[in-house]
Protein chains: 2
Amino acid sequence: MRRLKKERQQALKDSIRTNPFVTDEELSAKFDVSVQTIRLDRMELAIPELRERIKHVAVKTYEDEVKSLPIDEVFGEIIDIELDERAISIFDVKPEHVFQRNKIARGHHLFAQANSLAVAVMNDELALTVKSELQFLRPVTAGQRIVAKAQVVERNPEKNRAHVKVVSSVDQATVFVGTFEMYRMTEQSEGDEQ
Amino acid sequence: MRRLKKERQQALKDSIRTNPFVTDEELSAKFDVSVQTIRLDRMELAIPELRERIKHVAVKTYEDEVKSLPIDEVFGEIIDIELDERAISIFDVKPEHVFQRNKIARGHHLFAQANSLAVAVMNDELALTVKSELQFLRPVTAGQRIVAKAQVVERNPEKNRAHVKVVSSVDQATVFVGTFEMYRMTEQSEGDEQ
DNA sequence: CCGCTATTAGCACTTGGTACTAATACGAGT
DNA sequence: ACTCGTATTAGTACCAAGTGCTAATAGCGG
């Protein structure tokens, strides 16, 4: 009987992990044991009751929602900015930013950090990217911190254009270089493109 | 008293919206009315009980989690692919992809779709972007569907390089053009960059 | 003072449990 | 055959956070 118990407990764990919304009664029917046995199993496995499980899932989601808004908005935290001149942001590469296969950060995250910084450094907050040239020089992996430095290198107020150069590095080594031609949107015009 | 009731119910709605984890008892203390009054208010406002509220939040998160994994992995759904030749993906621009101010899609989403497609079209799944040139020709707004078409235009198997051209359009109008120089990673080499 | 709404109180019942005690089954060891 | 130990089952009291229902009370408007 000992083997049966362990197997059941393993299956129980799996069941609850894949569907945390299952009640003891449903589990008791599924495994054809009494509700009490399910309860004992949960005790031994330190699995909390249905309501607590649901609550944990809900709380997690709730916190995620609150967190995701501001972080997502900037893509990299801006730590220094002098409008129309230069700006610096940092971006910590996490497991969700990399390819599963080789753990190398996906290009669009580097681009997102650099492009967002280019948008931010423009004095007008309504700036759009028109053109861009990028070089991905070295792979970046999870756990590394990318420091992006943006510099406004050319201004052309008549045409509402400006050029921004962004250099991103990890531990002093340059990993990415991008130049961005930006269009400044004035209030009325619904101009070019981002 | 009628005014007081309406005000309380409005405040009650707000309270529960900002914190769905609050019990009737806590609310009764907060608004200095009986628990029964809170219950009546909830009935009139059709607000479900604590456990149901929590469950809804949890279920939502749960579904989101399941959904987010595959979608996030590709950035745009690939609808046609012929390896080493061409590929097509679609990406529906949603409110979360645009600038709040002018509702124009952020550049990195267009880049992400195009870059991911360039990676996908490469036969080796371990492809990294080395260089890239982009043009953002027209603004894209929330609700529009971007169709990206990638074409492998140059192959150089000796150097493990290839060029991919991606053209993205909305309703037949080109909104974005990008060229990507890709590096094919072989099993051993931990080569260039993405 | 009547009527009306709002509020409060109280009770039985529900779900999905916890905590605890007790009974029963069943095989292993001696 | 008897006993030990583990596993399982049953049953009871209790809890949180409610629903559903009935009834009492407060306060004011006319």
Side-chain angles (χ1 to χ4, degrees), chain A residues 1-70, chain B residues 1-70:
Chain A
M1 276 283 159
R2 195 162 295 151
R3 193 167 295 151
L4 274 172
K5 185 185 178 183
K6 287 209 169 164
E7 278 170 26
R8 186 191 57 233
Q9 292 193 341
Q10 185 55 49
L12 191 81
K13 251 200 247 181
D14 291 345
S15 281
I16 292 176
R17 190 174 29 230
T18 60
N19 176 22
F21 302 93
V22 68
T23 63
D24 286 358
E25 208 163 298
E26 289 165 349
L27 289 165
S28 112
K30 178 168 184 174
F31 294 110
D32 201 31
V33 293
S34 71
V35 173
Q36 281 77 2
T37 302
I38 297 293
R39 311 244 222 249
L40 283 172
D41 286 346
R42 276 200 298 103
M43 304 245 142
E44 288 181 25
L45 299 168
I47 296 171
E49 60 164 300
L50 170 69
R51 285 146 174 163
E52 289 305 311
R53 294 195 302 264
I54 291 180
K55 207 170 178 177
H56 280 143
V57 174
V59 168
K60 206 179 60 186
T61 330
Y62 206 69
E63 286 171 349
D64 280 357
E65 262 175 34
V66 175
K67 259 189 292 178
S68 72
L69 280 175
Chain B
M1 275 286 157
R2 194 162 296 151
R3 193 166 296 152
L4 274 172
K5 186 184 177 184
K6 286 210 170 164
E7 278 170 26
R8 186 191 58 234
Q9 292 194 340
Q10 185 54 50
L12 190 81
K13 251 200 245 180
D14 291 345
S15 282
I16 293 175
R17 190 175 28 232
T18 60
N19 177 22
F21 302 93
V22 66
T23 63
D24 287 359
E25 208 164 298
E26 288 165 348
L27 289 165
S28 112
K30 179 169 183 174
F31 293 110
D32 199 33
V33 292
S34 71
V35 173
Q36 281 75 2
T37 301
I38 298 293
R39 310 244 222 249
L40 284 172
D41 285 346
R42 275 200 299 100
M43 305 246 142
E44 288 181 26
L45 299 169
I47 297 171
E49 61 164 300
L50 171 69
R51 286 146 173 161
E52 289 305 311
R53 293 194 303 262
I54 290 180
K55 206 170 179 179
H56 280 142
V57 174
V59 167
K60 205 179 61 187
T61 332
Y62 206 68
E63 286 172 348
D64 281 357
E65 261 173 36
V66 174
K67 260 188 294 177
S68 73
L69 281 175

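When reading the values below, keep in mind they use all heavy atoms of this one structure, side chains included, and skip hydrogens, waters and symmetry mates.
Between the P atom of D:dT22 and the CZ atom of B:R39 lies a distance of 17 Å, rounded to the nearest Å. Per the geometry, CG belonging to A:L50 stands 15 Å off C1' belonging to D:dG18, to the nearest Å. In this structure, the CD atom of A:Q36 is 13 Å from the C1' atom of C:dT24, given to the nearest Å. Computed from coordinates, the A:E44 CD to D:dA7 P distance equals 7 Å when rounded to whole Å. Across the protein-nucleic acid pair, A:K5 atom NZ and D:dT8 atom C1' stand 9 Å apart, rounded to whole Å. Here the P atom of nucleotide C:dG16 and the CD1 atom of A:I38 are 15 Å apart, to the nearest Å. A straight line from CG of B:D41 to P of C:dT5 spans 16 Å, rounded to a whole angstrom. The nearest whole Å value for the distance from the CD atom in B:E49 to the C1' atom in D:dA17 is 7 Å.
Among the protein residues, B:V33 comes within range of the sugar-phosphate backbone only, with heavy atoms under 4.0 Å from sugar or phosphate atoms but none that close to a base. Across all strands shown, A:R53 has no heavy atoms under 4.0 Å from either base or sugar-phosphate atoms.
In the interface, the side chain of A:R51 is paired with the base of C:dT15 through a donor and an acceptor atom under 3.5 Å apart.
Within a 6.0 Å sphere centred on CD of A:E25, heavy atoms belonging to other residues, nucleotides or ligands number 12 at most. No more than 12 heavy-atom neighbours from other residues, nucleotides or ligands sit within 6.0 angstrom of CG on A:D32.
Taking only side-chain nitrogens and oxygens, A:S34 comes nearer than 4.0 Å to OP1 or OP2 of D:dT9. B:R42 has a side-chain polar atom (N or O) that falls below the 4.0 Å cut-off from OP1 or OP2 of D:dT19.
B:R53 places a side-chain N or O within donor-acceptor distance of the main-chain N or O of B:P48, the cut-off being under 3.5 Å.
Residues that satisfy the side chain to side chain contact (heavy atoms under 4.5 Å, CB included) test with B:E49, not counting sequence neighbours, are B:R42, B:R51, B:E52.
Taking every heavy atom of both residues into account, B:Q9 and B:L45 meet most closely at O-CD1, 3.6 Å. Here the closest heavy-atom approach between residue A:V22 and residue A:I16 is recorded as CG1-CG1, 4.2 Å.
Rotation axes derived from the C1' atoms of the five outermost pairs at either end of the helix from C:dC1-D:dG30 to C:dT30-D:dA1 lie 20° apart, to the nearest 10°.
Within residues 22-31 of chain A, the residues that have a heavy atom under 4.0 Å from DNA chain C are, in order of number, A:T23, A:D24.
Residues B:K5 and B:D41 are in side-chain contact: their nearest non-hydrogen atoms beyond the backbone lie under 4.5 Å apart. For the pair B:S34/B:T37, a side-chain contact is recorded, criterion being any heavy-atom separation below 4.5 Å from C-beta on.
Taken to the nearest 0.5 Å, the CZ atom of A:R17 stands 9.0 Å off from the CD1 atom of A:I47.
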